Structures are given as C-alpha cells and as structure tokens.
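Since the structure is predicted, the reported quantities are computational estimates derived from the model, not experimental observations. Numbers restart at 1 for each chain; the letters A, B, ... are given by sequence-line order, proteins then strands.
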Amino acid sequence: MARPDPVDGRVPYTPTSVTRIPSIVSTPMAYPFHDIEPKWQQYWEEHQTFRTPDEVPDEDAEKCYVLDMFPYPSGSGLHVGHPEGYTATDIVARYKRMQGAHVLHPMGWDAFGLPAEQYALKTNTHPRETTKTNIAQFKRQLKRLGFSYDWEREINTTDPDYYRWTQWIFLQLYKKGLAYQSEEPVWWCEELGTVLADEEVIDGKSERGGYPCERVATRQWVLKITDYADRLLEGLDDLDWPQSTKQMQRNWIGRSEGANVYFDLVDVDDSLEVYTTRPDTLFGATYMVLAPEHDLVDAITTDEQRAAVETYRQEALQKSDVERQQEGKTGVFTGGYAVNPVNGEEIPVWVADYVLASYGTGAIMAVPAHDERDYAFAQTYDLPIREVVEGGDIAQAAYVDDGPHVHSANEDISLNGLHTDAAKEKITEWLEQEGEGEHEVNYQLRDWLFSRQRYWGEPFPIVFTEDGEDKPVPEDELPVTLPDIETFEPSGSPEGPLSNIEDWVQTTDPETGAPARRETNTMPQWAGSCWYYLRFIDPGNDELPVDPEKENYWMPVDLYVGGSEHAVLHLLYARFWHKVLYDAGVVSTQEPFQTLVHQGMILGEKEYTTYETEDGERVSAEHVDDGVDTRTGDAVTAVEVDEEDVEKAGDAFVLAEQPEVQVEARSHKMSKSRGNVINPDDVVDAYGADTLRLYEMFMGPLEQDKPWSTDDVEGVHRFLNRVWRLVIDDESDTLRVTDDAPDREQLRVLHETIQQVTEDIEQLDFNTAIAAMMEFVNAANKWEALPRAVAEPFVLLLSPFAPHIAEELWSRLGHDASLAHADWPEYDETLLQREVVEMAVQVDGTVRATIEIEADADEDEVLAAAKAEDNVARHLEGKDIQREIYVPGQIVNFVTG
RNA sequence: GCGAAAGUGGCGGAAUUGGUAGACGCGCGAGACUUAGGAUCUCGUGGGGGUCCUCCCCCGUGGGGGUUCGAGUCCCCCCUUUCGCACCA
C-alpha cells in the first residue's frame with residue numbers, strides 16, 4: 001500500500017477532508033467585480049489600450065521591455081503559479097506606462113513538445129489540434145486576469161511563420177560550423193519512443209515520466225556550445241541576475257585551468273596525455289589511470305593482464321554512470337608502465353571507471369597524497385603515496401590544500417619551497433619548454449545534443465543527397481513544414497515518426513535537382529524558446545527574424561521573470577543563440593536578458609499530518625522518515641488532521657489530545673495526486689481577478705516559495721471591498737468623495753503611500769506596497785470625508801495591482817479615458833514631514849518612555865523633555881549620566897555609570 | 001561531502017548605512033449593528049509577572065559567545081530546513 005508518491009517520493013496521502021474550494025456564491029456586500037472585470041477587459045481590447053506601436057517611437061522616452069517566460073500550454077490549463085510571475089511583470093509594465101515609458105509586454109506559446117505527441121499516441125488526435133485547444137484555454141484564462149499584454153504580438157512556436165525563423169537561425173549555426181552531426185551514445189527511451197539529452201535523464205530514467213532509458217549510439221545533430229563557453233561565463237558578470245542562478249551556470253560550464261602532460265609509454269611506441277589541474281604535484285604521481293573507454297587501453301595492456309582488463313572493461317561499459325559511482329573505486333592493472341617526464345620514473349598504468357572518458361583526455365596521473373579520489377584508490381590497491389606538499393598527514397588522508405612543496409626537484413627544476421600557485425606556473429613553463437606538456441583549459445560543459453526523434457518539433461532545414469552528403473535548404477525555401485500525419489505510432493527505432501512519411505522524406509537536392517532525402521529528426525523544445533523574445537519585437541516580419549532598427553530600440557529585455565527550473569538550460573541555450581546572432585550581426589547586444597527574477601513556487605495549503613501503524617496506533621512524526629517508523633522499520637500511513645486538533649508545544653506541533661504525538665506541519669507542492677491544487681478560474685469566479693492578482697502579490701516576497709491560504713485570499717478581497725466603499729457609497733451607489741481641499745494630515749498620509757508604493761514597485765517588493773495601501777485605507781476610513789484630490793492619486797497607485805476596480809473607480813470619479821496612461825503620482829518631500837514626532841527614550845539601552853515632540857525641536861529641548869518623563873526620571877534617580885546619545889527623530893539614550 | 005539561500009507571534013510575513021521588534025494581513029477574543037451573522041464596523045491580541053492594571057517590571061527574532069550606549073541587523077562557533085552540484089582530475 002505505502003508506495004512512495006511519484007511526485008515527491010513521500011507516503012501516499014489519505015485525504016480525510018477536502019481542500020476548501022472558494023465558495024462560488026459571492027457575498028452580497030461584495031463590490032460588483034463580476035460586472036466590472038469583463039467590462040474593462042472588453043474596453044481595453046476595443047480601445048487597443050495596451051497596443052505597442054509597430055514602429056520605433058520618434059520621441060525620446062524611456063523604453064521598457066518586460067517579459068514573462070512564455071508557457072507551454074498544457075492540457076490541464078493555467079496553474080496558480082502562472083499568475084504569480086505574470087502579475088509581477090504586469091504591475092511593472094503598467095507602472096512604467098504610467099511613468100511615460102514605452103513598454104513592450106508580450107505573451108506567446110512555447111507549444112512544441114512531448115505531451116501533445118504522447119496525447120496523440122493515446123487518442124490519435126493531431127498535436128496541432130491539441131495545441132490549438134490548449135492555447136485557446138490558456139488565452140481565455142490569461143485574459144480574464146486582466147494582464148496588459150499586447151495580444152497583437154502573440155507568437156506560437158509551432159506556427160510555420162515562426163519556426164521558419166527558428167530554422168533560419170539553425171542554418172546560421174550550420175553555416176558557421178556550429179552545428180555538426182555525430183554518432184553519439186545517447187539515451188534511448190523505449191517507452192517515450194525517443195532519445196533524450198543527458199539533462200533529460202535523471203538516474204537512468206526519463207525526467208518526464210520516469211521511464212527507463214539506455215545508451216545507444218545514433219546519428220545526431222549537435223551544437224557547438226562549447227565554442228562559446230568562455231563568453232557565456234564572462235557574460236554573466238555584468239548581468240543583474242540572482243547570484244545562485246549565475247553560480248549554477250558557472251558550475252554547469254565548469255571551467256578549469258591546468259595542464260596537459262605527456263607520459264611516454266614503456267614498450268609501446270606512443271605517449272599518454274593526461275589533463276591535470278594540479279601540475280604542481282607531478283613529482284607525487286605514483287600511478288596512471290585510464291578510463292575503460294580510452295583508446296590506448298589495448299596497446300598498453302600486457303598479455304598477462306589482457307583477460308582481466310577485458311573483463312573489467314566489459315563490466316564497466318554495462319554500468320550506468322550512477323552505478324559506477326555507487327560502489328567503492330574499482331580498477332585493474334594493465335601491466336604497462338608510463339614514464340613521468342619530470343623524473344623519468346616508470347609508474348604503473350591502471351584502468352578504472354572512476355576516470356571519465358568524457359572529461360579532459362580520459363586519462364589521469366594519480367597523485368594519491370594530494371587527491372582524495374586517488375588516495376582512496378591507492379589504499380584499496382596498495383599503491384604508493386608520496387607527499388610533495390607539506391601541511392597534512394598523508395598517513396591519515398589526502399592533503400589537498402596549499403603548502404610548501406617538497407621532494408619536487410630534478411636536475412633542471414625545483415619546486416621545493418614554492419606554494420601551489422607559483423609551483424603550477426613554474427612547472428607548466430618547464431613542461432612547455434621541454435615539449436612535455438602545455439597549459440590547458442577544460443570545461444564540464446558538453447556540446448548540445450540538438451536533435452530529437454519526434455514528430456512535434458521543428459523539422460531541420462537539411463536534406464541528404466544519395467551519397468549521404470548533408471545540404472542546407474536555401475533560406476528562401478523556408479519553412480520546411482511538418483507534413484500531416486495519420487498515425488502517431490512510434491517507428492519502433494531510434495528514428496522518429498517523420499521517417500515513415502515517404503512523400504515528405506523524398507525531395508530533391510536544391511542545387512542539382514537530384515533525388516534527396518530530408519532529415520527526419522526534429523529540434524528539441526528548447527529551440528523555439530531560444531529566440532522568442534526577439535520575435536516579439538517584430539512578430540510579423542517576413543523578411544527577417546527581427547528588424548535591426550526595432551531590435552536596437554527594444555533590446556535587451558529589461559525585466560525577465562520566470563521559474564528557477566530554467567536557471568541553467570533555457571537561460572544558457574538562449575544566451576548561446578543570442579551570442580551567435582550577435583556575431584552574425586542580427587542583434588546588437590551581447591546578452592538578451594539584463595535583469596532576471598525567479599518567482600517562488602506557490603505550495604498547497606498547510607497540512608497537518610500524523611502517521612499511524614497498521615493497527616491504527618499513532619506514531620510521532622519525529623520517528624517517521626520516508627513513510628517508515630525509523631525505530632521498528634514498519635511502514636506507516638499518513639493521515640491528515642484538522643488544524644483545530646493540533647497545538648503547539650515548544651518548537652513542534654502535537655495532537656491536542658495526545659501531546660506526546662508530534663504532528664508534521666508543512667505545505668506540499670500542489671499536485672493532482674495530493675488533491676491540493678487550486679484552480680485560478682475558481683478563485684476568479686469567487687473573488688474576482690483583482691483579488692487573485694493582489695493576493696498572489698501579497699503572499700510574501702516574489703522570489704520566495706509560499707503556501708496558499710484561502711483565508712488570506714478573503715482578507716485581500718475584504719480590502720478591495722473597503723477600497724470600493726471608501727469611494728462609493730453602498731446605499732446610493734454614488735461617489736462619496738468631496739471637492740474640499742485635503743488637510744495637511746491627509747496629504748501626508750497620501751504622500752507617504754505614494755512614496756512607499758513607488759519605491760516598493762521599483763524593488764519588486766509588492767507585498768509591502770500592498771501593505772502600504774492597506775494602511776492608507778485604514779487611515780482614510782477614519783476621516784470624515786474623502787477629498788477627491790486624495791482619492792484620485794490613490795486609485796492610480798492601486799491600478800497596476802488591481803486594474804479593473806481601479807479603472808471603474810477612475811471612471812466613476814469622472815474620467816472618460818482609461819487610467820492606463822494617466823500620470824503616475826509623485827510624492828512631495830515637504831508633505832512627508834510630520835509636525836510632531838515620537839521618540840523613544842532609553843536608560844542604559846532599555847526603552848523607559850516615548851515622548852512626542854515638535855519635529856523641529858533642538859537637542860536640548862528633546863533631552864529636557866526626555867528627562868522630564870516620570871519613568872525616565874525614576875530610572876535615572878541616584879545615577880550619574882555618563883553619556884547622552886541623541887539620534888534626531890529616533891532615539892535618546894542616557895548611559896549611566 | 002561541496003556550494004547557495006533561509007530560520008522572527010498560533011499562521012503568511014514587516015523592520016538590516018545598528019536606533020521604539022512584530023508594520024500589513026490571517027486567525028483568535030471582546031463589543032456595536034442585527035431576527036440572525038460565516039456580512040460590516042470598532043477595540044484588543046508575542047510570552048510571563050506585579051496590592052499604583054489608562055501603570056510598571058522581566059523575558060523574547062534557531063542555540064551559544066562577542067563587539068557596541070544600543071544587535072533580528074555586525075563578528076566567531078554550532079544546529080535545522082530548502083535548493084543546486086555531486087568521482088569533472
């Protein structure tokens with residue numbers, strides 16, 4: 001029964017109560033969001049309120065390109081996670097528009113991909129149909145949230161007018177020699193009927209679906225992203241991106257600096273090249289290791305050792321990468337020896353699978369004294385360990401840190417006494433002089449496997465002549481469109497479904513007219529998303545992917561918001577293409593996305609979980625790990641309990657009736673199997689789009705993961721009701737603002753709100769901006785009357801967050817046009833000043849009183865007033881004041897002896 | 001194991017050139033209006049204590065030390081959680 005949940009590996013969840021779904025019946029006193037939201041959405045559409053002109057603006061105004069990561073339109077529709085990032089960017093876009101900037105804020109669809117194809121396999125529905133239906137659903141859902149997209153610029157990666165240019169960019173890569181074919185050992189997944197890229201396979205199983213995969217060699221297209229490794233690395237420095245994302249990209253690129261060193265082989269007329277980042281430890285090399293796949297294994301292996309080496313090699317090739325890592329280090333001696341160029345010493349050559357064929361030269365010099373892996377191996381096989389860097393105890397462990405070098409000299413050169421950096425430099429120089437090696441840079445980044453054996457992707461603009469030569473389809477013949485297809489059965493081989501469409505596959509050589517065959521692989525889903533931000537700038541262009549003048553105006557993207565799951569792949573691939581396009585003169589910037597923000601994940605409502613054994617006995621959560629009682633090893637079942645049956649005891653939650661039983665209190669990722677998914681449509685039905693937008697921004701910091709709370713949604717909804725009633729009289733449905741001049745206090749409250757909201761939007765601190773508006777409403781509710789001159793700026797402040805209610809109030813306040821292009825309110829410093837300020841008075845650092853004092857009082861007056869406070873005087877009695885600390889407007893501290 | 005981020009009331013979270021901890025919201029309590037309240041409004045709400053209870057005291061931002069007149073904020077050590085990487089020579 002207790003099988004781990006496929007989503008998060010936890011014990012199955014037994015719901016004892018259903019997640020509360022917002023009541024569909026709205027409360028009678030609620031403001032009429034059901035009427036005003038569709039009304040304003042229609043208004044914006046009819047008036048093309050958010051249309052960004054096709055032509056580059058003449059006047060000299062700030063431009064702002066605000067971009068969301070466009071969604072894959074899945075069949076399950078919009079998730080509450082989507083509106084989080086989309087609302088954040090929408091607030092910025094609307095704010096910038098009101099500040100007079102030219103704003104580009106588009107939306108589109110990343111619509112190629114595996115799910116539609118798998119659905120086609122099951123139902124025989126053409127992926128084009130599925131995609132069309134899903135896009136319609138997504139678009140309807142997005143439109144009812146009131147985002148200010150310029151829908152005239154909508155793009156769809158599966159549209160031939162779009163992928164024509166994806167193919168065109170591929171041809172630029174091809175012509176620059178950055179796209180090549182290669183027999184690659186790739187992951188073939190029988191179940192999915194396709195090969196997958198390394199990054200799409202986790203622990204030997206497909207990332208999507210978790211199906212087993214195996215390694216097979218097939219002809220693939222590969223993009224030479226490694227040529228751009230250094231530029232991709234250096235470009236990160238100037239980007240305003242999360243540090244963690246930059247770090248992940250740096251790690252992924254994995255640049256290291258070291259040296260290649262040549263070791264002559266004994267009795268074999270060849271030499272062995274190794275890569276090392278520690279050439280300074282060369283004198284400490286006591287053996288060599290080849291990867292099992294290394295070319296020289298056969299030549300080096302002696303006859304006596306051949307059988308053992310062959311056996312080991314066969315075993316290693318069967319193992320997956322994970323299996324190779326699981327056990328301790330294993331290896332076998334080849335019987336051969338290599339000569340250390342630095343001292344002429346003959347050292348044994350081993351084969352071991354802890355050395356990877358795919359990195360460096362696939363061979364290493366082992367320095368067990370100063371490398372943990374080599375140390376472990378040397379201990380297992382009783383190989384010598386020779387110290388060449390002082391500082392550790394090599395009888396105990398490898399010493400990998402810096403220290404003075406020892407035992408590192410020959411007739412020519414000595415590293416003795418040098419530290420690592422200097423020693424590296426000196427030995428590398430010497431190796432280069434002697435022709436025994438050279439400085440070398442290596443990367444963990446691999447070239448990008450760019451072809452997939454699928455139907456629903458961009459066809460490659462490549463044909464093969466009868467003698468197998470590949471030729472590009474001329475640019476003016478693009479796009480190469482996908483053929484229609486009757487059945488979606490996999491071809492059963494690593495070749496994709498297109499290979500079965502003979503009519504389509506058969507074509508002619510564009511140069512000679514001779515018979516030729518089309519490439520039947522298609523591009524991976526990443527392709528379309530690598531450049532879509534450029535197409536939004538000029539979506540209708542049929543001459544070029546993007547017009548250079550427009551590109552020059554709008555690029556780079558000023559704010560890019562999307563999930564951190566794209567921290568490496570999408571964002572690295574897009575940067576790579578961008579740099580290629582830069583070199584091709586297509587774009588004018590080195591980097592596509594200047595500022596990047598990842599929105600956090602929205603989790604389900606907090607759940608209280610207890611565990612019980614088969615006999616129904618409660619097990620305290622502290623004893624449960626992975627669905628098992630850690631004391632007995634018995635499986636336990638998770639049972640949800642109501643919040644009311646739980647109380648806090650110390651740091652933990654416990655059952656109220658059984659305080660010895662700890663309860664697990666946490667929020668889980670939303671998932672169908674857990675039954676905690678919130679559908680945005682339900683929330684909009686019950687509370688309106690403005691409430692959903694505002695709530696998602698009020699939950700907490702944008703970048704943080706946050707649990708959903710329907711109670712909190714209601715709180716935000718109440719706030720919007722209060723805003724409505726602040727401006728509109730409920731009984732008469734008329735305005736309740738006056739044309740009286742606001743008083744000083746009202747202006748101060750307003751201007752404080754303007755300042756806070758403006759600064760918070762700039763910082764993307766939307767939660768505190770909303771808190772500031774709540775404070776405004778709380779204050780304004782206490783006023784006798786609301787002056788129009790205060791109400792109107794407030795409505796403008798609210799409008800980026802809750803645009804529908806703001807438009808309606810703006811209109812009722814007597815404005816004919818939308819507020820979307822109204823001027824953003826500015827605050828007046830002089831109005832922020834308070835006449836009377838409150839200051840804390842401390843005695844020896846503890847607050848003993850607060851005093852209210854004129855803002856312009858001088859220090860002496862403040863100190864006198866402070867000392868006059870009864871409680872302060874009492875604490876000062878009988879003591880000498882040693883120091884008087886005075887921080888204007890904030891604090892007074894009397895320090896006694 | 002390595003790297004990064006984060007630990008603040010019953011809950012989500014505010015506040016870091018060091019200056020009144022707990023803004024704002026939820027929840028909870030009391031009251032008003034009301035036939036009713038799961039609507040709305042008002043007030044209260046970190047914990048503990050006190051014979052001046054519209055006042056005062058003590059404790060309090062994961063734990064322990066330190067710097068400072070003053071530390072959620074700065075420094076050192078430790079614990080926990082989340083995410084990423086994980087034989088890359």
Side-chain angles (χ1 to χ4, degrees), chain A residues 23 27-30 242-248 250-252 254 256 258 274-278 281 289 321 324-325 329 352-356 358-367 370-374 376-377 442-446 564 567-568 601 606 643 646-648 651 653 665-667 695 698-701 703-716 718-719 721-722 725 730 756 765 767-775 777-778 781-782 838-850 870-871 874 882-887 889-896:
Chain A
S23 146
T27 54
M29 297 304 279
Q243 280 307 320
S244 58
T245 300
K246 291 207 241 184
Q247 197 53 46
M248 280 167 70
R250 289 193 185 103
N251 292 343
W252 188 263
S256 75
V274 302
Y275 173 70
T276 176
T277 55
R278 291 295 302 276
T281 61
V289 187
D321 291 355
R324 283 192 180 193
Q325 286 173 33
K329 292 183 175 35
D353 65 9
Y354 80 90
V355 170
L356 308 178
S358 56
Y359 187 76
T361 62
I364 62 156
M365 64 175 207
V367 184
H370 305 293
D371 181 285
E372 280 163 11
R373 296 152 300 183
D374 298 344
F377 190 80
N442 253 306
Y443 302 92
Q444 283 175 237
L445 182 69
R446 302 270 80 94
S564 57
V568 176
M601 200 191 310
K606 181 170 250 186
E643 188 181 355
V646 171
E647 58 184 35
K648 191 145 191 184
D651 287 338
F653 286 93
R666 53 170 282 189
S667 303
Y695 170 64
F698 187 61
M699 293 173 89
E703 302 191 44
Q704 200 168 295
D705 291 350
K706 300 160 286 261
W708 185 268
S709 159
T710 297
D711 281 342
D712 289 358
V713 176
E714 288 178 358
V716 166
R718 276 199 283 272
F719 164 68
N721 276 318
R722 280 198 292 271
R725 287 197 308 267
D730 247 355
Q756 182 91 40
D765 289 334
N767 54 330
T768 49
I770 293 165
M773 291 188 280
M774 288 175 168
E775 286 190 79
V777 171
N778 290 345
N781 264 326
K782 295 190 170 71
E838 199 176 74
M839 288 181 67
V841 182
Q842 298 180 333
V843 178
D844 292 326
T846 305
V847 179
R848 295 301 175 187
T850 56
D870 287 349
N871 203 39
R874 192 164 63 246
Q882 306 283 322
R883 281 178 71 185
E884 293 175 339
I885 311 278
Y886 170 69
V887 182
Q890 291 188 29
I891 207 160
V892 172
N893 189 8
F894 297 112
V895 185
T896 69

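Between A/D765 atom CG and B/rG12 atom P there is a gap of 19 Å when expressed in whole angstrom units. Residue A/Q243 contributes atom CD, which lies 16 Å from atom P of B/rG3 at whole-angstrom precision. If you take CG of A/N251 and P of B/rC85, they are 9 Å apart, rounded to a whole angstrom. Rounding to whole angstrom units, CZ of residue A/R718 and P of B/rG38 are separated by 13 Å. In this structure, CZ of A/F719 is placed 17 Å from C1' of B/rU40, rounded to the nearest angstrom. Rounded to an integer number of Å, the gap from CZ of A/F653 to C1' of B/rG10 is 7 Å. We find that CG of A/D705 is positioned 11 Å from C1' of B/rA5, with the value rounded to whole Å. Between A/E714 atom CD and B/rC26 atom C1' the separation is 10 Å, expressed in whole Å.
Using a 4.0 Å heavy-atom distance criterion, A/G360 is classed as making no nucleic acid contact. Within the nucleic acid shown, A/K246 has no heavy atom closer than 4.0 Å to any nucleic acid atom. The residue A/N871 sits close only to the backbone: its heavy atoms come under 4.0 Å of sugar-phosphate atoms, none of a base.
Taking atom P on both nucleotides, B/rA15 is separated from B/rU20 by 14 Å, rounded to a whole Å. Only the P atoms considered, B/rG13 is 23 Å distant from B/rG19, to the nearest whole Å. Comparing the C1' positions of B/rG10 and B/rU45 gives an interatomic distance of 11 Å, to the nearest angstrom. Nucleotides B/rC85 and B/rC69 are separated by 47 Å at their P atoms, to the nearest Å. If you take atom C1' in B/rC78 and the same atom in B/rU68, they sit 24 Å apart, rounded to whole Å. To the nearest whole angstrom, the two P atoms, one in B/rG47 and one in B/rA23, are 13 Å apart. With both ends at atom P, the span from B/rU80 to B/rA21 equals 31 Å, rounded to whole Å. Taking atom C1' on both B/rG46 and B/rC11, the two are 13 Å apart, rounded to the nearest angstrom.
Within the 4.0 Å cut-off from OP1 or OP2 of B/rU40, not a single side-chain nitrogen or oxygen of A/R722 is found. The phosphate of B/rC69 has OP1 or OP2 within less than 4.0 Å of a side-chain N or O from A/R883. Contact annotation: A/N778 does not reach the phosphate of B/rA23 (side-chain N/O to OP1 or OP2, under 4.0 Å). Contact annotation: A/R848 side-chain N/O to B/rC58 OP1/OP2 distance is under 4.0 Å. In this structure, A/K648 reaches the B/rC11 phosphate: one of its side-chain N or O atoms is under 4.0 Å from OP1 or OP2. The side chain of A/N767 places no N or O atom within less than 4.0 Å of a non-bridging phosphate oxygen (OP1 or OP2) of B/rG12. Note on A/S709: every side-chain N or O is 4.0 Å or more away from OP1 and OP2 of B/rC11. Taking only side-chain nitrogens and oxygens, A/R666 never comes nearer than 4.0 Å to OP1 or OP2 of B/rU82.
The side chain of A/R725 lies closest to B/rU40 when the candidates are B/rU40, B/rU20, B/rG19. Ranking B/rG25, B/rG3, B/rA15 by closeness to the A/Q247 side chain, first place goes to B/rG3. Out of B/rA89, B/rC57, B/rC24, the shortest distance to the side chain of A/I364 is found at B/rA89. Closest to the side chain of A/Q704, from the set B/rC24, B/rG13, B/rG84, is B/rG13. For A/L356, counting side-chain heavy atoms from C-beta on, the closest listed nucleotide (B/rA89, B/rC11, B/rC24) is B/rA89. Comparing atom distances between the A/D712 side chain and each of B/rC26, B/rA14, B/rC24 picks out B/rC26 as nearest. Nearest nucleotide to the A/I891 side chain, out of B/rG10, B/rA23, B/rG19: B/rG19. Distance from the side chain of A/T850 is smallest for B/rU20 among the nucleotides B/rC24, B/rC43, B/rU20. The nucleotide whose nearest atom lies closest to any side-chain atom of A/K706 is, among B/rG13, B/rA89, B/rC43, B/rG13. Which of B/rA14, B/rG84, B/rC87 sits closest to the side chain of A/P701 comes down to B/rA14.
For B/rG84, the paired nucleotide is B/rC2, the pair qualifying as Watson-Crick or G-U wobble because both relevant distances are below 3.5 Å. In a base pair of the Watson-Crick type (N1 to N3 plus N6-O4 or O6-N4) or a G-U wobble (N1-O2 and O6-N3), with each distance short of 3.5 Å, B/rA14 is matched with no nucleotide. The nucleotide B/rU73 finds no pairing partner, because no Watson-Crick or G-U wobble arrangement with both distances shorter than 3.5 Å includes it. The pairing partner recorded for B/rG7 is B/rC79, the criterion being a Watson-Crick or G-U wobble arrangement whose two distances lie under 3.5 angstrom. When Watson-Crick and G-U wobble pairs are counted only if both distances are under 3.5 Å, B/rG31 pairs with B/rC41. Pairing of B/rC55, defined by two Watson-Crick or G-U wobble distances under 3.5 Å, is identified with B/rG50.
The six-membered or imidazole ring of A/Y443 lies away from that of A/W252, with a centre-to-centre distance of 6.0 Å or more.
Position along RNA chain B of the nearest nucleotide to A/K606 versus A/Q444 favours A/K606 as the more 5'-ward residue. Each of A/S244 and A/M774 lies near RNA chain B, and the nucleotide nearest A/S244 is the one positioned closer to the 5' end.
Residues A/Y886 and A/M839 meet the side-chain proximity criterion, which asks for heavy atoms closer than 4.5 Å.
Atoms CZ and CG, from A/R722 and A/N778 in turn, are 6.0 Å apart once rounded to the nearest 0.5 Å. Considering CG of A/N767 and NZ of A/K706, their distance stands at 8.5 Å, rounded to 0.5 Å.
B/rC53 adopts a syn glycosidic conformation, its chi angle falling within 90° of 0. With a glycosidic angle further than 90° from 0, B/rG60 counts as anti.
Contact of A/D711 with B/rC26 (side chain to base): no donor-acceptor pair of N or O atoms is detected under 3.5 Å.
By the 6.0 Å and 45° rule, A/K329 does not stack over the aromatic ring of A/F377.
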